[in-house]
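Before any comments, here is the structure.
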Amino acid sequence: MWFVLWVGVTACGLYLSPSAQGHGTHQQLGLPPCPSALFLDRPCPGCGLTTSWSALLHGNLGLSFHAHPLGPVLYLLFTAIAWTGLYGWIKKLRVRSEQPWFATWSTALAAVFLGFGLIRAIVTPHYATQTERWYRGISSIR
């Protein structure tokens, strides 16, 4: 399952053109702007991940880290999990996620991700792009 999801995410990342602004790439799929950027003018913890992963897949490491500093690390972790899952499926092995180390590492990763997101939201004002500012203006008229 993880491998199939990874293939889809990777194909999507290769299909998209990473936004030079560092976020908003997901809008190429017809998705709306991030509500946090739109209404608070600040990034959410996940803002820039699509751009980061797409830039990484297109070989633009600088934009990848600029869009979301944890993006390349998370994509490589996702890749390792996906390929390990495929290997385990082929060999008929089972990953035991109820182990204490799994909960510890998962919790630590979530804490780092959310903590980073909170700090980034505090220190990054005026995050919305021109398109998001325009969208916000249209939304407030309705």
- Query: Just by distance, do the side chain of H23 and the backbone of A67 share a donor-acceptor pair under 3.5 Å?
  - Reply: no

- Do L49 and L61 share a hydrophobic cluster (ILVMFWY, side-chain heavy atoms under 4.5 Å, transitive)? yes

- Query: In the single-linkage hydrophobic clustering (I, L, V, M, F, W, Y; side-chain heavy atoms under 4.5 Å), do L16 and V9 co-cluster?
  - Reply: no

- Message: Within the structure provided, determine whether L74 and F113 are in side-chain contact (heavy-atom separation under 4.5 Å).
- Response: yes

- Under the 3.5 angstrom rule, does the side chain of H66 hit a backbone N or O of G62 as a donor-acceptor pair? no

- Message: Looking at every heavy atom in both C34 and C44, which two are closest together, and how far apart are they?
- Response: SG-SG, 3.6 Å

- Message: Quick check for you: to the nearest 0.5 Å, what is the distance between L76 atom CG and I81 atom CD1?
- Response: 11.0 Å

- Task: With side-chain contact (heavy atoms from CB on, under 4.5 Å) as the test, would you mind laying out the steps for L93 and Y87 before giving the verdict?
- Result: CA-CA 8 Å; L93 300 172; Y87 175 80; 4.2 Å; yes

- Query: What is the minimum heavy-atom distance between G48 and Y127, and which atoms define it?
  - Reply: N-OH, 4.1 Å

- Given side chains that start at C-beta, do those of F116 and H68 come closer than 4.5 Å, heavy atoms only? yes

- Task: Determine the minimum heavy-atom distance between L114 and P45, stating which atoms define it.
- Result: CD2-CG, 4.1 Å

- Message: Measuring only between side-chain heavy atoms, which start at C-beta, is R120 closer than 4.5 Å to R42?
- Response: no

- Query: Any side-chain heavy-atom pair from F3 and T84 closer than 4.5 angstrom?
  - Reply: no

- For L109 and L77, run side-chain contact (heavy atoms from CB on, under 4.5 Å): C-alpha distance rounded to whole Å, both residues' side-chain angles, the deciding distance at 0.1 Å, then the answer. CA-CA 11 Å; L109 181 62; L77 180 62; 3.6 Å; yes

- Would you check if there is a donor-acceptor pair between the side chains of T10 and Y75 at a distance under 3.5 Å? yes

- Do T25 and T50 meet the criterion of a side-chain donor-acceptor pair at a distance under 3.5 Å? no

- Are any of the side-chain heavy atoms of T124 and C47 separated by less than 4.5 Å? no

- Message: Check for me whether the distance between the ring centres of W6 and W83 falls short of 6.0 Å.
- Response: yes

- Transitively linked via ILVMFWY side-chain contacts under 4.5 Å: L31 with F39? no

- Message: Under 3.5 Å, is there a donor on one side chain and an acceptor on the other for S64 and W53?
- Response: no

- Query: Do Y15 and F78 share a hydrophobic cluster (ILVMFWY, side-chain heavy atoms under 4.5 Å, transitive)?
  - Reply: no

- For L63 and P18, the nearest pair of non-hydrogen atoms, with its separation, is CD2-CB, 3.9 Å

- Task: Identify whether I90 and V7 are in the same connected component of the hydrophobic contact network (ILVMFWY, side-chain heavy atoms under 4.5 Å).
- Result: yes

